[in-house]
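Whatever order the structure lists them in is the order used to number ligands and atoms, beginning at 1.
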Amino acid sequence: MGSGRKRNMPCWCGSGLKYKHCHLERQNQAPPALWEAEQAFRKSFSNRSCSAPNEWHKVCKGKIVRAHTVPRSSSLKRIAQDGHVYAFVVSMRNLRANNGIIRPELVGIKRASTFSGFCELHDREVFSPVENKNFEGTAEQCFLLGYRATARELYTKIAAASLSEFRRSADAGRKPEQQFQIQMTNFLVDIGNTAGLRDSRALKEKYDEILMSKSFQDSVGYVVELDRPPSVMCSGGWFPAEDFQGNQIQDLGALDEEMNAITCTSYWGGETGVIVFQWLRAHHDICARYIKSFHALKDDALGMALLDLFFDQMENLQLSPAWWEGLSEVERNILVDRMASSANPFEDMKTMAEKGKTGIDPGWQVRNRYTVGFDFNEQEG
Ligand SMILES: [Zn+2]
Ligand SMILES: [Zn+2]
């Protein structure tokens, strides 16, 4: 096998290389060592460039800083114990040691979930209205929380896509039929990543336009105020597939349609704990339906729905040790499983009805909720 023309043909795996330079001797090659996987993983997240709009890059100043994914550096202190919070630390080592399931561990708040996404100047200036002022529910503040979440989503997707090459080499030393399976999976993951990256880039450009023109009225929001700092702090953005009653609101499989995105940030606003949803007015039809179904919940159910939502949609959760340690073992396991199943790209997307509700007490009371830049009564249907 492997003689003559076949050796010079493009490899079956789609790498674009000739077979003789790609899969010909793959089963006899050494499999990648754990440290190589670790290195590739770290390298993919070490991309350091400023996420401010391209038009502003001329004035970037200072290093790319590591900033917390949760705004206001003082926020995490509110839930920390001895300077530590629980976080899900994703690394190849952790994934492999626990069969793909990651359990939260105590990390110092300086190390807890940071994102190296903005230069010193832009990190300081762009986010000053949320970092240096109490949260007052202004359109600008809501937008900036969403901007940061959106920039981070794009950064994460770029990192995931850059691991493609490493994933392609992961079948070294495997038998040919296993090689085929691995490459097939890679192929599907790449298709998903490419579409996700394209949507994320297009979305980030829309956010850039609003930031540059300061047209914060093109962004809307929904705020939930809590009676204390949220026991789970996080920030992220996603494309909602169904509302809180389980009705489909957009088809994530429609790869050539523009997806409607929503962001959410949970932190300490300076006077109250706040959970802030934000979306673009251009995405209002879908997102307002989503939020309306959420708004229909009573305060207690709303708090629990938020907790489930965080474990379903966010990957950078930071948990209050007092709250986490106060849960029962069973409750903790339910949440860890929930996190693992939503992070696993090979598991079929489950609907909310299939996942069910955990019914776990988030440890906060909802005190108030309000809309920013729209009114539920103004639109129907
Ligand atoms: Zn190949
Ligand atoms: Zn910059």
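- Here the protein contributes Cys50 SG, Cys60 SG, Cys119 SG, His122 ND1 as N, O or S atoms under 2.8 Å from the Zn ion (ligand 2).
- Judged by distance alone, the side chain of Thr272 and the main-chain N or O of Leu226 form no donor-acceptor pair under 3.5 Å.
- Ion pair Arg289/Asp285 not flagged as a salt bridge, since none of the NZ, NE, NH1 or NH2 atoms sits closer than 4.0 Å to an Asp/Glu carboxylate oxygen.
- Taking 4.0 Å as the cut-off between side-chain N and carboxylate O, Asp308 and Lys357 do not count as a salt-bridged pair.
- Although no hydrogens or angles enter the test, the distance criterion places no donor-acceptor pair under 3.5 Å between the side chain of Arg281 and the main chain of Val220.
- Look at Lys292 and Asp243 and you find no salt bridge, because none of the NZ, NE, NH1 or NH2 atoms lies under 4.0 Å from a carboxylate O.
- With respect to Arg148 and Glu131, no salt bridge is recorded, no charged nitrogen being found less than 4.0 Å from a carboxylate O.
- Between Phe374 and Phe376, the distance separating the two ring centers is shorter than 6.0 angstrom.
- Around the Zn ion (ligand 1), the two atoms SG of Cys11 and SG of Cys13 are separated by an angle of 110°, to 10 degrees.
- Here the N, O or S atom of His23 that is nearest to the Zn ion (ligand 1) is ND1.
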